[in-house]
Amino acid sequence: MDELESYLKTQEEKDNYWWTIEFSMPLNDKNFSQNEEILSTVATLSDCIGAYVFKENGRIFLRADYDNSDGLDGVLFKVEHILNDYSFRDVDLTRCYKTSNQPWEKQHYDAFPPLAVGKTLMVMAPWHEKEEIPEGRMPIYIYPASAFGTGYHESTQIALSLLEEIVKGGDVILDIGTGTGILFISALKLGADKAIARDIDPTTLEEAKRNMKLNGINPKVCELSEGDLLKGFHGQVNILTANILLNPNVSMLPDVRGVLKPKGSAIFSGMTNVESNMFLSILNSSGLNVEREMKIGDWWGCRAVKAWG
């Protein structure tokens, strides 16, 4: 793969280190998903080259890596400028340090092994392309360019599992908050005819395009656009997917029924087990019926269909 080989060669030519900064926030069941989203935004705004989230000692941490072409002072200046925003008032810069003795891509090679999801999918970083695919599994290649939307988060695994059970030929899928594009790419590879993908952040659409190319997706079968949830969307689809947070999922609910074709399905994920009852109570008053629920760890999602009447 020429693009990947060129990237790896560039990395090898650099000095063998990068800057690592750890951020943290308080953790409890009620705020986990919201605080994870806040840390995700910090990672995106600060232009880190790789990151992941973990829990430890009652706090949620973001460990973010930064290219060594900028001095540490430059990286810290950018980070501290971001943290001065009131939106990030609860984010603490825990520590920063130099990470060396291992190429960055080797660290992330080890951090993203092939992952079986659902009954038929295998999420893989592109450097695993030549590895043998288990019988009955379909590879979904995703660049782990960020910590979010790579398929390794439980909420994404829930959405993929609920999706693979229903996709069929002729389907049109609408993917809200598409991120890396993993959901609509999987739907197309599973047989859907067309995808419409929206994200409020235009920079993520470029990442989705890159992943489309990795998976051999014809650009003509996917419409990528910047958009805020369902605002301004006109049309109907067979499947709607939304692997986002509780609040945007709830705010979108009143409009979901109208964009689903008869017998259409909506898949909602990105919410915790604690948040599920709240979401279900609102969903049931939105002209939708839950068809299936799924939990993985602390995370919950569901698939809903139009209610009769």
Side-chain angles (χ1 to χ4, degrees), residues 18-67 75-76 78-80 82-83 85 87-97 99 102 104-105 107-113 115 117 123 125 142-160 177-183 199-201 203-204 207 211 242-249 269-276 295-301:
W18 61 93
W19 305 117
T20 299
I21 299 179
E22 290 185 5
F23 307 86
S24 71
M25 298 184 71
L27 171 67
N28 61 56
D29 288 339
K30 292 183 178 179
N31 68 16
F32 179 81
S33 59
Q34 289 88 346
N35 286 358
E36 185 179 37
E37 179 69 11
I38 290 171
L39 292 174
S40 167
T41 303
V42 171
T44 301
L45 293 177
S46 60
D47 298 322
C48 69
I49 59 174
Y52 70 94
V53 171
F54 61 97
K55 296 181 287 186
E56 188 175 279
N57 298 327
R59 295 185 70 81
I60 177 173
F61 288 83
L62 169 74
R63 181 172 294 157
D65 297 329
Y66 296 86
D67 193 287
V75 173
L76 288 173
K78 179 187 295 184
V79 165
E80 289 170 354
I82 292 167
L83 295 185
D85 189 290
S87 301
F88 307 118
R89 62 190 182 281
D90 294 327
V91 178
D92 294 326
L93 197 164
T94 307
R95 64 180 182 139
C96 59
Y97 50 92
T99 303
Q102 181 173 239
W104 177 85
E105 73 277 4
Q107 181 203 40
H108 287 264
Y109 184 104
D110 294 337
F112 294 96
L115 176 70
V117 177
V123 177
I142 299 293
Y143 274 104
S146 69
F148 312 94
T150 61
Y152 286 80
H153 194 283
E154 291 93 335
S155 67
T156 309
Q157 295 169 37
I158 289 170
L160 285 170
T178 191
T180 61
I182 187 171
L183 296 182
D199 203 293
I200 197 169
D201 181 0
T203 62
T204 66
E207 191 170 343
N211 288 322
N243 181 26
I244 48 182
L245 298 175
L246 173 65
N247 289 339
N249 268 326
S269 190
M271 296 167 284
T272 64
N273 294 324
V274 174
E275 296 169 332
S276 61
K295 296 179 180 180
I296 300 179
D298 296 328
W299 294 87
W300 173 89

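For clarity, every value in this text was computed on a predicted model and none was experimentally measured.
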Which atom names give the shortest non-hydrogen contact between Gly179 and Asp199, and what distance separates them? N-OD2, 2.9 Å

So which heavy atom on Trp18 is nearest to which on Tyr66, and how close? CB-O, 3.3 Å

Please round to the nearest 0.5 Å and tell me the distance separating atom CG of Asp92 and atom CZ of Phe23. 11.0 Å

So which atom in Val79 and which in Ser46 form the shortest heavy-atom distance, rounded to 0.1 Å? CG2-CB, 4.2 Å

Taking atom CE of Met25 and atom CG of Asp90, what is their separation to the nearest 0.5 Å? 5.0 Å

Taking the side chain as every heavy atom from C-beta outward, state whether Gln34 and Glu275 have any atom pair closer than 4.5 Å. yes

Tell me the closest heavy-atom pair linking Asn273 and Gly297, and the distance in Å. ND2-O, 3.0 Å

Shortest non-hydrogen contact from Ser24 toward Thr94: OG-OG1, 3.1 Å

Can you measure from CH2 (Trp300) to OG (Ser269) and round to the nearest 0.5 angstrom? 8.5 Å

Got a second to check how far Lys295's NZ is from Met271's CE, nearest 0.5 Å? 12.5 Å

Can you name the closest pair of heavy atoms from Asn249 and Ala242 and give their distance? OD1-CB, 3.4 Å

Are side-chain heavy atoms of Leu76 and Leu93 found at a separation under 4.5 Å? yes

Counting C-beta onward and ignoring hydrogens, is there a side-chain heavy-atom pair between Leu62 and Val91 closer than 4.5 Å? no

Measuring from atom CG of Leu183 to atom OG1 of Thr156, what distance do you get when rounded to the nearest 0.5 angstrom? 6.5 Å

What pairs with Phe88 under ring pair (Phe, Tyr, Trp, His ring centres under 6.0 Å), at least two apart in sequence or on another chain? none

To the closest 0.5 Å, what do you measure between OG1 (Thr41) and CD (Glu37)? 5.0 Å

Flag for Thr180-Asn211: side-chain donor and acceptor within less than 3.5 Å: no

Arg59 side chain near Pro26 side chain, heavy-atom distance below 4.5 Å: yes

Apply side chain to side chain contact (heavy atoms under 4.5 Å, CB included) to Thr272 and Trp299, showing your working. CA-CA 4 Å; Thr272 64; Trp299 294 87; 4.1 Å; yes

Considering only heavy atoms from C-beta outward, does the side chain of Leu27 approach that of Asn35 to under 4.5 Å? no

